[in-house]
A.B. asks: 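After the structure tokens below, expect a handful of questions from me.
Atoms considered below: every heavy atom in the structure, side chains included; atoms not considered: hydrogens, waters and symmetry mates. Predicted model, so just to flag it, every value in this text is computed and none were measured.
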Amino acid sequence: LFLLRLIYARRKIVIPSAILHDIGWGKIKNADEIHRNAIRDGIVDIIAYRMTHQTKGVEIAQEILLKLDFLTVQDRKLTYDIIGDHDTRIYEPTIEGKIMMDADILWRFTVPHRNAYLADKTVSELIAIMNKELKKPNRFYTPEALEIAKQEMANTIAWIFSQQIK
């Protein structure tokens, strides 16, 4: 979470939120296939699609964080709030939520995301998808995340070209 080097926030909230935010997918049968199809079909940002894994994620996070017992009740609640709204973004997040949510979106600009979900796309298609993502209103909460996204996009495109040359 490079953003924590640039923006002050409580690491003890951001780190568990980042680690646990998508844990709910593990309770959804065929989650990888469902998610790959949602990306392909352009429904990945529909609230109803996102709500299920967030809700399941909060349930699992509650079990884990209660057992670990290293956060106060208030800090656990903040962590659950971030996990429970990280994709749907219905409520105004704390700075910790903003950082975690920005980091989550930054994943969409990386080589591992491309390899997992967009490997069948041409470079032109990939650039169009990433540019569309960059242009979504209020996509990032922080200007730092937007700049990192642009850098990651350039790195990903450069990596693809370097693989094609080999």
A.B. asks: Are L3 and M100 connected in the hydrophobic side-chain network, where two residues link if heavy atoms are under 4.5 Å apart?
C.D. replies: no
A.B. asks: Please name the pair of heavy atoms, one in K121 and one in L126, separated by the smallest distance, quoted to 0.1 Å.
C.D. replies: CB-N, 4.3 Å
A.B. asks: Please examine the side chains of E125 and D120, heavy atoms only from C-beta on, and report whether any two atoms are closer than 4.5 Å.
C.D. replies: no
A.B. asks: Please report the shortest heavy-atom distance between H86 and D104, naming the atom on each side.
C.D. replies: CD2-OD2, 3.4 Å
A.B. asks: What are the two closest non-hydrogen atoms of P93 and M101, and how far apart are they?
C.D. replies: CB-CE, 3.8 Å
A.B. asks: Any idea which heavy atoms bring L106 and A145 closest together, and the distance?
C.D. replies: CD2-O, 3.3 Å
A.B. asks: Working to the nearest 0.5 Å, report the span between CD of E63 and CG of L65.
C.D. replies: 10.5 Å
A.B. asks: What's the spacing between D69 CG and I64 CD1 if we round to 0.5 Å?
C.D. replies: 14.5 Å
A.B. asks: Hey, quick one: are V14 and I148 part of the same hydrophobic cluster, counting side-chain heavy atoms closer than 4.5 Å, chains of contacts allowed?
C.D. replies: yes
A.B. asks: Return the OG1 to CZ distance between T94 and R10, rounded to the nearest 0.5 Å.
C.D. replies: 6.5 Å
A.B. asks: Rounded to the nearest 0.5 Å, how far apart are CE of M51 and CD1 of I90?
C.D. replies: 4.0 Å
A.B. asks: Hey, what do you get for CD (Q151) to CZ (F2), rounding to the nearest 0.5 Å?
C.D. replies: 8.0 Å
A.B. asks: So does D81 pair up with K77, basic N to acidic O under 4.0 Å?
C.D. replies: yes
A.B. asks: Side-chain heavy atoms under 4.5 angstrom apart, residues restricted to Ile, Leu, Val, Met, Phe, Trp, Tyr: same cluster for L68 and L71?
C.D. replies: yes
A.B. asks: Is any side-chain heavy atom of E133 closer than 4.5 Å to a side-chain heavy atom of I105?
C.D. replies: yes
A.B. asks: Does the R139 side chain pair with the main chain of K132, one donor and one acceptor, at a distance under 3.5 Å?
C.D. replies: no
A.B. asks: Does a salt bridge link K150 with E147, judged by any charged N lying under 4.0 Å from a carboxylate O?
C.D. replies: yes
A.B. asks: For T88 and Q54, test the side chains for any donor-to-acceptor distance below 3.5 angstrom and give the result as yes or no.
C.D. replies: yes
A.B. asks: Please check if L66 and I13 belong to a single hydrophobic cluster, counting links between Ile, Leu, Val, Met, Phe, Trp and Tyr side chain heavy atoms closer than 4.5 Å.
C.D. replies: no
A.B. asks: Indicate the atoms forming the closest heavy-atom contact of S17 with I83, along with that distance.
C.D. replies: O-CG1, 4.2 Å
A.B. asks: Same cluster or not: L20 versus I82, using hydrophobic residues (I, L, V, M, F, W, Y) connected whenever any side-chain heavy atoms lie under 4.5 Å apart?
C.D. replies: no
A.B. asks: Quick one, I157 and V123 - any side-chain contact, counting heavy atoms below 4.5 Å?
C.D. replies: yes
A.B. asks: Contact between L134 and F140 at the side-chain level, heavy atoms closer than 4.5 Å - yes or no?
C.D. replies: yes
